[in-house]
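A quick write-up on the structure given underneath.
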Amino acid sequence: MKKPSFLNFPLKSVFCPPTLVMKQLTSVFYFSSLVGWKKFPHWFLKHSFKSLPVAAGSIGMGCIGFPAHPAWEVTSACNLRCIHCHAEGSTPDKDELTTDEAKKFIDDLSKVNEFRMLVYTGGEPLMRPDLIELLNHSRKAGLTNVIATNGTLIDEEVAFKLKEAGVVGAAVSLDSSNSEIHNHIRRNDNAFNLALRGMRALRKAGILLQINVTAMEYNFSTLGELIEIADDEGSGIMLMYQLVPVGRGSRIEDATLDINENEKLLKNLAEKQKNVSTIIEPVAGPQYWPYLMEKKKKSDGIYLKLAKQVFHGCSAGRGFVYIKANGDVWPCPFVEISAGNVREKSFKKIWEEGEVFLKLRDRENKLKGKCGECKYRKMCGGCRGRAMAYYGDYLAEDPSCFLDTDHNK
């Protein structure tokens, strides 16, 4: 007898313990009430169940997901040369984990109880020849699989192969509603149309579609229309990144958003969210959560206590972890500090004992400047990647914060 499609992911990822589902739903309900999300019922009926294996144990909303959201850069090889890429890859690194080393790493990762899913990213993960083999291995290890891709190499045949290998969610990068702008950013004249083909193929295969965007000067004026495209294409989730000047992005630092543009972007997201089915979460814009609280005048007392439980802002090192192709373990792709290498030490030990992780998890005492004094440091914490890029200190204040910290102490 064929197993129902809703059981094609490990039950542990969603239902063990059952309180995980309640925590996830609480965070979304609270978020919906703060933004006045009119289409929340539509999202709930259409996307919520598929989102559970993708969330895979998250207990709140923030930069990507909280807690336990590991992303593995399986290769630095890529078929595109995007102007803002943090990885700055093109060809495979000589010291990338071998198939056997990768499987050992996956097995070690699965031993960390809070890790219930694994994001395969790059570069372009589909450039790695043994990708399907590794996806099957992580599925057998009890992890749900998510893939982050530029979408250009995905047709229906590839999409169904990914589905068979246990991929439950796919994040496709789309940087503008204007094909010329997207193609310019991606340095490929066909990138926009190929990404749309990939998105539609993934949806046909029954994989939850997520759209990833990087906001910068090049595409800022088109982001509103892009949100509508994401909604029209049936995306369940949109991650709105902001350009952090690392990797190739360091060459276009002038295209990063300043304080005023950061504020404008986050306020526009809140307005757009009201009338679209796609749930939008900012990345490198953790001020979104306290902004929503202040807008509704719910920034104190029981409202703040609840918010601290379900909104977590920047997740670098305290919910999110990034594994480089060579096995180095970083808190975030924008915080380029290695806490160790999985070839030399078990991932579990690095995750639990790495100095950079321990400091990032102690926001109450370790953050500096305005971030260290702000009452929202637990639910926001400032973008640690921007602090690192501009001050060389991942614990420094976020230079793009627009919150009035004078009254937030």
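All figures in this text were calculated on a predicted structure; none of them were measured in a lab. Because only heavy atoms are used, hydrogens play no part in the values below, and waters and symmetry mates are left out as well, while side chains stay in.
- Not counting sequence neighbours, the partners of Glu73 by the salt bridge (Lys or Arg N to Asp or Glu O under 4.0 Å) test are Lys324.
- A donor-acceptor pair is defined here as one N or O able to donate and one able to accept, closer than 3.5 Å; no such pair exists between the side chain of Asp108 and the backbone of Lys104.
- Side chain of Glu261 to main chain of Asp258: a donor-acceptor pair is present (N/O by atom type, distance under 3.5 Å, no hydrogens or angles).
- Annotation for Pro70 and Phe115: closest pair CD-CD2, 3.7 Å, computed over non-hydrogen atoms.
- Side-chain polar atoms of Glu294 and Tyr376 form a donor-acceptor pair below 3.5 angstrom.
- Under the side-chain hydrogen bond (donor to acceptor under 3.5 Å, both in side chains) test applied with Ser176, the options Asn219, Thr214, Thr222, Asn183 reduce to a single match, Thr222.
- Applying the side chain to side chain contact (heavy atoms under 4.5 Å, CB included) criterion to Asn193, with sequence neighbours excluded, gives no partner residue.
- Residue pairs meeting the salt bridge (Lys or Arg N to Asp or Glu O under 4.0 Å) criterion with at least one member in residues 124-135, sequence neighbours excluded: Lys103-Glu133, Arg128-Asp130.
- Residues that satisfy the salt bridge (Lys or Arg N to Asp or Glu O under 4.0 Å) test with Arg377, not counting sequence neighbours, are Glu364.
- In this structure, Asp189 places its CG atom where only 12 or fewer heavy-atom neighbours from other residues, nucleotides or ligands lie under 6.0 Å away.
- Side chain to side chain, Asn79 and Asn150 meet the donor-acceptor criterion of an N or O pair below 3.5 Å.
- Applying the ring-ring contact (aromatic ring centres under 6.0 Å, His included) test to every pair with at least one member in residues 212-231, sequence neighbours left out, gives these pairs: His184-Tyr218.
- Residue pairs satisfying the salt bridge (Lys or Arg N to Asp or Glu O under 4.0 Å) criterion with at least one member in residues 33-45, sequence neighbours excluded, are absent.
- Across Asn262 and Ser400, no two heavy atoms sit closer than the pair ND2-O, 2.7 Å.
- Annotation: Phe311 is in aromatic contact with Tyr30 [ring centroid separation under 6.0 Å].
- Other residues, nucleotides and ligands contribute at most 12 non-hydrogen atoms within 6.0 Å of the NZ atom of Lys366.
- Residues Leu118 and Leu109 approach most closely at CD1-CD2, 3.7 Å, considering heavy atoms.
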